[in-house]
Amino acid sequence: MFTTVFSRFSSNNRNNKEKLFFFIFFPLFFSLFLIVSGCKGQRKIQQAQRPDYPFFEDMEKSSLPAGKRGGLFIESSAAEPSTFNWLVSEDATSSSFLNLMFDSLLSYNPIDDKVIPGLAKSWEVEPDNKTFRFKLRKGLTWSDGVPLTADDVLFSFSCIYDPRFPNRNAYDLSVDGKPFKVEKIDELTVQIQTPEIFAPFLRYMSGMPLMPKHILEPYYKDGSLQNQWNISTAKKNPQSIVVSGPFLILSYNPGERIVLTANPRYWKRADGEIRLPYIDYLIVKFVKDANASLIAFASGQTDIEGISPDNVAWVQKGEKIYHYTVYDRGPSTASSFLWFNQNPGKNKNNTPYVTPYKLKWFQNTLFRQAISYGIDREGIISGVLFGRGTPLWGPETPANVKWYNPNVKKYPYNPRLALELLERAGFHRDTSGRLFDQDNHPVSFTLLTNQENPIRTAMATVFKENMKQLGIEVNLQFIDFGTLVTKISDSYEYEACLLGLTGGGDPADGMSVFMSKGRLHQWYPNQPYPATPWEAEIDRLMIEQLTTLDEEKRKRCWFKVQEIMSEEEPYIYLVTPNTYVGLKNRWRNVQIPRIGPLVWNIEEIWTP
């Protein structure tokens, strides 16, 4: 019943988008025109002048056809970065910018699914499979011209492991709490030893950007490191943020746009004495209105856009007119889920984070399973995703073929079974159908999600209606992403939340999510010791898969973790949408991976 109503609403909404086109298009076009040829930045953006620094012997040479330098790559983003300090970054938006600005010892090629050289031109592995020696490129420098050496590698690890600077990386880059041993052999050689076999080590080294010692060491010494390279720095003094990656910040206007420009000392080159990246400027416009962002792309004003399933049909109509292609990449690696706050702690005023009787509900497995049976996932797929999605029952989606366990416990929509489980858990309904617990508290809670994501707000609305059928009142609260992150990561004063994870990598990528001590173990993070036997078992399995090179054993461990997660339902998984991305046809050297960013090799793409 609700699915039908919601589908009709979504269809009308789609028609409204088309009708609103002319009202939104002109001001949006005008704002984008200002980005490209705006008052203050007109000369810079139209006439990119790069210093011609000499090449060096160890530069990486692109294997793709050579192109020509120049051009703008314009995109939009609903969210803004919260920091440009890799040490404290924990959100996907900040990470996406940092990945454009900072490189790691190694890189990763998603086409071949292989780790490849990065800032280090080569590496060796000792027979113990715990000792790794990296050789940095001779001639490598930061964007300000200062040599990038082994000292920067040691400094980066020192920052990560320093207890003064809490960060998720300290947990990820350790084995059972034991950090890696990092030694300088000479100016260009670093040896890293893991305390035990660490299966994803090389993959992790492709995702750990280095930090410049010559810039940040004073702040490391005085303890203010985590406050450096914040939004204010990028706004007032962007040139102070020196980089090793393809782009650096030219200007940043919060709420408006960020302009990145080519790093003139980047370490990759192409044939014809061309230093990469080809692109002169990468411009990201901050557009919180998803409709406005999509219309900008569909009318040819931006170069790339993620397209939600409900918008695919009408956006495809503009492919020939505005010379872009909508790529259907199949099921996403991203998971969407909701969870209840099971944190038993108290705030500084000695008030529990969660009302005690509600905490009792949330910690009850039968309650969580009942909620899961009460969710109409097929209705969400039909009404929110226009049929372009897949029900989700565990941490992995079908997109991550290698690590996906299809045999986890499933919760098809069954309100009757949901009510039976609630009754077994001590709940009952009155004559009006309202659900109460054993102490006659009406069952209600507030669900948070971020207002910038229309798919999530729509899923939350479906969930609210589904819960009405069980006699549960759900209050929805849509807030900006930054405020949401603060609530779930710092204050812990909330009841339930709907979010998601990007997924798609190695099981070890989820250590901080699934380990009970992890900062991203959202239902109860940073546990001093496992709160439940099943969490203790997940801890054991995650450590076991982390410390073996036997891939089949790793797979068995991770499959078991998926089964426990689905049985206990600390995350109540919802659906994963199909992934659609639009890209202008003018770009060359685009290599579309099975999973991951469409322009993962943005430094190599160019336009005639």
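We use all heavy atoms of the structure for the numbers below, so side chains are in, but hydrogens, waters and symmetry mates are not. Bear in mind that the values here come from a model prediction, so they are computed numbers and not experimental data.
With ring centers used as reference points, Phe132 lies under 6.0 Å from Phe201. For Phe180 and Phe198, the gap between ring centers is short of 6.0 Å. Ring centers of Trp600 and Tyr108: at least 6.0 Å apart, outside the cut-off.
A donor-acceptor contact closer than 3.5 angstrom is absent between the side chains of Ser206 and Ser104. Of the N and O atoms on the side chains of Glu535 and Ser516, not one donor lies less than 3.5 Å from an acceptor on the other residue. In summary, the side chains of Glu75 and Thr302 do not present any donor paired with an acceptor at a separation below 3.5 Å, with no hydrogens or angles considered. For the residue pair Gln228 and Asn230, no side-chain donor N or O sits within less than 3.5 Å of a side-chain acceptor on the partner. No side-chain donor-acceptor contact under 3.5 Å links Glu60 and Tyr266. A donor-acceptor contact under 3.5 angstrom links the side chains of Thr189 and Lys135, judged on distance only. Ser224 and Asp222 share a donor-acceptor pair across their side chains, judged by distance under 3.5 Å alone. No side-chain donor-acceptor contact under 3.5 Å links Asp152 and His214.
Screening Phe84, Phe247, Trp86, Trp229 for a ring pair (Phe, Tyr, Trp, His ring centres under 6.0 Å) with Phe102, the sole residue that qualifies is Trp229. For the side-chain hydrogen bond (donor to acceptor under 3.5 Å, both in side chains) with Glu493, the lone residue among Asn343, Asn341, Asn347, Thr486 that qualifies is Asn347. Residue Trp339 forms a ring pair (Phe, Tyr, Trp, His ring centres under 6.0 Å) with just one option from Trp523, Tyr571, Phe362, Tyr573, and that option is Tyr571. None of Val284, Asn253, Ile283 except one satisfies the side-chain contact (heavy atoms from CB on, under 4.5 Å) rule with Val259; the exception is Ile283.
A salt bridge links Arg164 to Asp162: at least one charged side-chain nitrogen sits closer than 4.0 Å to a carboxylate oxygen. The residues Asp58 and Lys121 are annotated as salt-bridged, a charged nitrogen and a carboxylate oxygen being separated by less than 4.0 angstrom. Between Arg50 and Asp280, at least one side-chain N (NZ, or NE/NH1/NH2) sits under 4.0 Å from a carboxylate O, which counts as a salt bridge. The residues Arg168 and Glu90 are annotated as not salt-bridged, no charged nitrogen and carboxylate oxygen being separated by less than 4.0 angstrom. Comment: Arg554 does not engage Glu551 in a salt bridge, judged by the lack of any side-chain N to carboxylate O separation of less than 4.0 angstrom. One finds a salt bridge joining Lys553 and Glu544 here, because a Lys/Arg side-chain nitrogen approaches an Asp/Glu carboxylate oxygen to under 4.0 Å. We find that Arg456 and Glu452 are not joined by a salt bridge, their nearest charged nitrogen and carboxylate oxygen being 4.0 Å or further apart.
Distance check: Ser62 OG to Asn589 CG gives 6.5 Å after rounding to the nearest 0.5 Å. The structure places CD of Glu187 at 5.0 Å from OG1 of Thr149, a figure rounded to the nearest 0.5 Å. Within the model, atoms OG of Ser232 and OH of Tyr252 stand 10.5 Å from one another, a figure rounded to the nearest 0.5 Å.
Residue Phe478 qualifies as enclosed at atom CZ: its count of foreign heavy atoms under 6.0 Å is above 12. When the shell of 6.0 Å around NZ of Lys181 is examined, it contains 12 or fewer heavy atoms from other residues, nucleotides or ligands. In the displayed structure, Glu57 atom CD is contacted under 6.0 Å by at most 12 heavy atoms of other residues, nucleotides or ligands.
Two residues are said to be in side-chain contact when any heavy atoms from C-beta on lie closer than 4.5 Å; Val354 and Phe340 fail this criterion. With contacts defined as side-chain heavy-atom distances shorter than 4.5 Å, the pair Glu273/Phe55 qualifies. In this structure the side chain of Leu499 reaches within 4.5 angstrom of the side chain of Leu484, judged on heavy atoms. Two residues are said to be in side-chain contact when any heavy atoms from C-beta on lie closer than 4.5 Å; Ile241 and Leu248 fail this criterion. Using a 4.5 Å heavy-atom threshold, the side chains of Leu448 and Leu498 count as separate. No side-chain heavy atom of Asn526 sits under 4.5 Å from any side-chain heavy atom of Lys517. Looking at heavy atoms from C-beta onward, Ser77 lies in side-chain contact with Thr93 at the 4.5 angstrom threshold. Taking the side chain as every heavy atom from C-beta outward, Lys285 and Ile74 never approach each other to under 4.5 Å.
In terms of heavy atoms, Met542 sits closest to Val561 at SD-CG2, 3.9 Å. For the pair Tyr281 and Thr261, the tightest heavy-atom approach, listed with the atom from each and the gap, is CE2-OG1, 3.5 Å. Smallest separation of non-hydrogen atoms from Asn263 and Arg275: O-CD, 4.4 Å. Nearest heavy atoms, Asp539 versus Met515: OD1-CA, 3.3 Å. When all heavy atoms of Val175 and Pro195 are compared, the pair lying nearest together is CB-CG, 3.8 Å. Nearest approach of Val88 to Thr83, heavy atoms of both residues: CG2-OG1, 3.6 Å.
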- Message: Applying side chain to side chain contact (heavy atoms under 4.5 Å, CB included) to Met511 and Ile543, what does each step give before you reach the verdict?
- Response: CA-CA 9 Å; Met511 292 297 288; Ile543 292 295; 4.2 Å; yes

- Step by step, would you call Gln239 with Ile249 a side chain to side chain contact (heavy atoms under 4.5 Å, CB included)? CA-CA 7 Å; Gln239 66 273 14; Ile249 303 173; over 6 Å; no

- Query: Would Ser244 and Asp103 satisfy side-chain hydrogen bond (donor to acceptor under 3.5 Å, both in side chains), going step by step from the backbone distance to the final call?
  - Reply: CA-CA 6 Å; Ser244 59; Asp103 284 335; 5.0 Å; no

- Task: Let me see the working for Thr131 and Asp128 under side-chain hydrogen bond (donor to acceptor under 3.5 Å, both in side chains), right down to the final yes or no.
- Result: CA-CA 7 Å; Thr131 306; Asp128 64 0; 2.9 Å; yes

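Checked by atom type and distance alone, the side chain of Asn129 never pairs as donor or acceptor with a backbone atom of Ile197 at under 3.5 Å. Formation of a donor-acceptor pair under 3.5 Å by the Asn450 side chain with backbone atoms of Asp480 is not found in this model. Side-chain atoms of Asn85 come within 3.5 Å of backbone atoms of Leu225 as a donor-acceptor pair (strictly under, hydrogens ignored). Between the Asn99 side chain and the Ser95 main chain, a donor and an acceptor come within less than 3.5 Å of each other. Asp112 places no side-chain N or O within 3.5 Å of a backbone atom of Asn109 that could act as its donor or acceptor partner. Checked by atom type and distance alone, the side chain of Ser94 pairs as donor or acceptor with a backbone atom of Ser82 at under 3.5 Å. Proximity of a side-chain donor or acceptor of Thr548 to a complementary backbone N or O of Gln545 within less than 3.5 Å is not detected. Checking side-chain atoms of Ser174 against main-chain N and O of Tyr171 turns up a donor-acceptor pair under 3.5 Å. Between the side chain of Thr141 and the main chain of Leu148, no donor-acceptor pair closer than 3.5 Å is present. Side-chain N or O atoms of Tyr492 include one that pairs as donor or acceptor with a backbone N or O of Ser489 at under 3.5 Å.
Aromatic ring pairs are classed by plane angle as parallel below 30°, tilted from 30° to 60° and perpendicular above 60°; the pair Phe514 and Trp558 is perpendicular.
Note that Arg265 lies in the cation-pi zone of Tyr53, set by a 6.0 Å cut-off to the ring centre and a 45° limit from the axis.
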